[in-house]
Protein chains: 2
Amino acid sequence: MNIEPELCQVDDALDIIVGKWKPIILLHLMKNGTMRFNELKRSIPKITQKMLTKHLRELEEEDIIQRVVFPQVPPKVEYSITEYGRSLEKILVEMHEWGTRHRLHKMEKVEKR
Amino acid sequence: MNIEPELCQVDDALDIIVGKWKPIILLHLMKNGTMRFNELKRSIPKITQKMLTKHLRELEEEDIIQRVVFPQVPPKVEYSITEYGRSLEKILVEMHEWGTRHRLHKMEKVEKR
DNA sequence: CGGCATCCCTTTTGATACTG
DNA sequence: CAGTATCAAAAGGGATGCCG
């Protein structure tokens, strides 16, 4: 550990991926490539339109995803991970793996009781 | 990306490290080894006692840190990272490095205007 | 020294209705 | 289809006082 806590920029990374639905949105886009708004909505049944819109806007603002509007009726909007956004993939995968191990860790702890 | 979004356990990992002061608490303990309550408090000037206590309890509950009480007057309580907790170090370092690069990314974006 | 209890404010998220 | 707008609920965090 050679990070000076005072100069910690973990929070800068957390700011991007924290949000109730952000990880799952990112995983869907990373897996499927390009997706339309309602396609994402259907893939995440419990999310509200408001939160999906909000999170997508925030991820776009940080250059993690790209938003392409096709000017037609009815509207069509496609979302995809930017090349820059791909740099988050490794961290998400590692967090997923750590999370999986942590679940097991907690289950073992409970069994011992 | 071979994670099925529906089985995503990124949130399990985020639950541990998300909290206004958790990353910096972890970095201090990872850097310094064992620290007393007030030592941590002084190292993180703006944190309140309430939040320090709360975050420490949550990290202890997840086996990330260890709390040792010395029954004496005045009281003495020492905190340290558990061996299990060390498994978080890699993720924190990578998030710090990503956060550092992201700051630069945003600065370049602003300069182009 | 290392807390806990209480009150209060802010931020995040949800429910619902409406629209070009 | 892809959003906005508004209101309400819940979660997170801060300020302060008290205690063994």
Side-chain angles (χ1 to χ4, degrees), chain A residues 5 8 10-26 28-29 32-62 64-81, chain B residues 5 8 10-26 28-29 32-62 64-81:
Chain A
C8 160
V10 172
D11 288 341
D12 292 73
L14 283 176
D15 285 346
I16 310 299
I17 56 178
V18 168
K20 183 156 176 184
W21 310 95
K22 277 186 191 173
I24 197 169
I25 290 171
L26 290 173
H28 274 290
L29 290 176
N32 298 330
T34 297
M35 293 180 80
R36 294 181 62 170
F37 184 87
N38 267 356
E39 195 179 352
L40 272 165
K41 177 89 178 60
R42 280 191 302 274
S43 302
I44 311 172
K46 293 188 178 175
I47 198 173
T48 60
Q49 282 186 326
K50 176 184 164 184
M51 288 313 295
L52 181 54
T53 303
K54 178 168 178 277
H55 283 166
L56 288 170
R57 288 291 186 286
E58 290 168 359
L59 291 168
E60 185 194 7
E61 175 64 23
E62 299 293 338
I64 308 300
I65 66 174
Q66 192 183 14
R67 177 173 182 263
V68 179
V69 180
F70 296 83
Q72 61 188 42
V73 180
K76 172 177 168 180
V77 181
E78 286 187 346
Y79 293 92
S80 58
I81 304 283
Chain B
C8 162
V10 171
D11 289 340
D12 292 72
L14 283 177
D15 285 346
I16 310 299
I17 55 179
V18 167
K20 184 157 176 185
W21 309 96
K22 276 187 191 172
I24 198 168
I25 289 172
L26 290 173
H28 274 291
L29 291 175
N32 298 331
T34 296
M35 293 179 78
R36 295 182 62 171
F37 184 87
N38 269 354
E39 195 180 352
L40 272 166
K41 177 91 178 57
R42 280 192 301 275
S43 301
I44 311 172
K46 293 187 178 177
I47 198 173
T48 60
Q49 281 187 326
K50 175 185 164 183
M51 288 313 296
L52 182 52
T53 302
K54 178 166 178 276
H55 284 167
L56 288 170
R57 289 291 187 282
E58 291 167 358
L59 291 168
E60 184 194 7
E61 175 64 21
E62 300 292 339
I64 308 301
I65 66 173
Q66 191 183 14
R67 178 172 183 263
V68 180
V69 180
F70 295 82
Q72 60 187 44
V73 180
K76 172 177 168 180
V77 181
E78 285 186 347
Y79 294 92
S80 58
I81 303 284

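Chain letters run A, B, ... following the sequence lines, proteins first and then strands; every chain starts at 1. It should be emphasised that the depicted structure is a prediction, and the values quoted were computed from it without experimental measurement.
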By side-chain contact (heavy atoms from CB on, under 4.5 Å), A/Val73 pairs with (sequence neighbours left out) none
From C/dC4, D/dC1, C/dT13, pick the nucleotide closest to the side chain of B/Thr53?
C/dC4
Nearest-Å distance for atom pair CG/C1', residues B/Leu14 and D/dG12:
16 Å
Spacing of A/Gln72 atom CD relative to C/dG20 atom C1', expressed in whole Å:
14 Å
Can you find a side chain N or O atom of A/Lys46 that sits less than 4.0 Å from OP1 or OP2 on C/dT13?
no
Shortest non-hydrogen pair, A/Lys20 vs A/His55, comes out as N-CE1, 3.7 Å
Closest listed nucleotide, where the reference is the side chain of A/Thr48 and the choices are D/dG14, D/dG13, C/dG14:
C/dG14
From CE of A/Met51 over to P of D/dA10, roughly how many Å is that when rounded to an integer?
16 Å
Reckon B/Lys41 touches a base, only the sugar-phosphate, or nothing at all at heavy-atom distances under 4.0 Å?
nothing
How about B/Leu52 and B/Gln49: do any of their side-chain heavy atoms sit closer than 4.5 Å?
no
A/Pro75 side-chain proximity, nearest of D/dC1, D/dG13, C/dG2:
D/dC1
From C-beta outward on A/Arg57, which listed nucleotide comes closest to its side chain: D/dG3, D/dG13, C/dC1?
D/dG3
Considering only side-chain heavy atoms of B/Phe37, which listed nucleotide, D/dG14, C/dG3, D/dC1, is closest?
C/dG3
Is A/His55 near enough to C/dT13 that one of its side-chain N or O atoms lies under 4.0 angstrom from OP1 or OP2?
yes
Could you give the NZ-to-P distance, from B/Lys22 to D/dA11, as a whole number of Å?
15 Å
Under 4.0 Å from OP1 or OP2 of C/dG2: is there any side-chain N or O of B/Arg42 that close?
no
Counting the atoms with a prime plus P, OP1 and OP2 as sugar-phosphate, which does A/Phe70 contact under 4.0 Å by heavy atoms, base, sugar-phosphate, or nothing?
nothing
Using atom CG of B/Leu52 as one end and atom P of C/dG2 as the other, report the distance to the nearest whole Å.
10 Å
Does B/Trp21 put a side-chain nitrogen or oxygen below 4.0 Å from OP1 or OP2 of D/dG14?
yes
What is the separation between atom CD on A/Glu60 and atom C1' on D/dG3, rounded to the nearest whole Å?
14 Å
Given side-chain contact (heavy atoms from CB on, under 4.5 Å), test A/Glu60 with A/Leu56 step by step and report yes or no.
CA-CA 6 Å; A/Glu60 185 194 7; A/Leu56 288 170; over 6 Å; no
A/Tyr79 side chain N/O closer than 4.0 Å to the phosphate oxygens (OP1, OP2) of D/dC1?
no
Closest to the side chain of A/Val77, out of C/dC1, D/dA2, C/dA5, is D/dA2
Using a cut-off of strictly less than 4.0 Å, decide whether B/Lys54 has a side-chain nitrogen or oxygen near OP1 or OP2 of D/dG14.
no
Interatomic distance where NZ belongs to B/Lys50 and P belongs to D/dC19 [whole Å]:
19 Å
Of all the nucleotides listed (D/dT4, D/dC1, D/dT6), which has the minimum atom distance to the side chain of A/Gln49?
D/dT4
Could you check if a side-chain atom of A/Tyr79 sits within less than 4.5 angstrom of a side-chain atom of A/Leu59, using non-hydrogen atoms only?
no
Options C/dG3, C/dG14, C/dG2, nucleotide nearest the side-chain atoms of B/Arg36
C/dG2
Assess the residue pair B/Arg57 and B/Glu61 against the criterion (salt bridge (Lys or Arg N to Asp or Glu O under 4.0 Å)); give the C-alpha distance rounded to whole Å, side-chain angles, the decisive distance to 0.1 Å, and a yes or no.
CA-CA 6 Å; B/Arg57 289 291 187 282; B/Glu61 175 64 21; over 6 Å; no
Distance in angstrom units between A/Leu40 CG and D/dG3 C1', rounded
14 Å
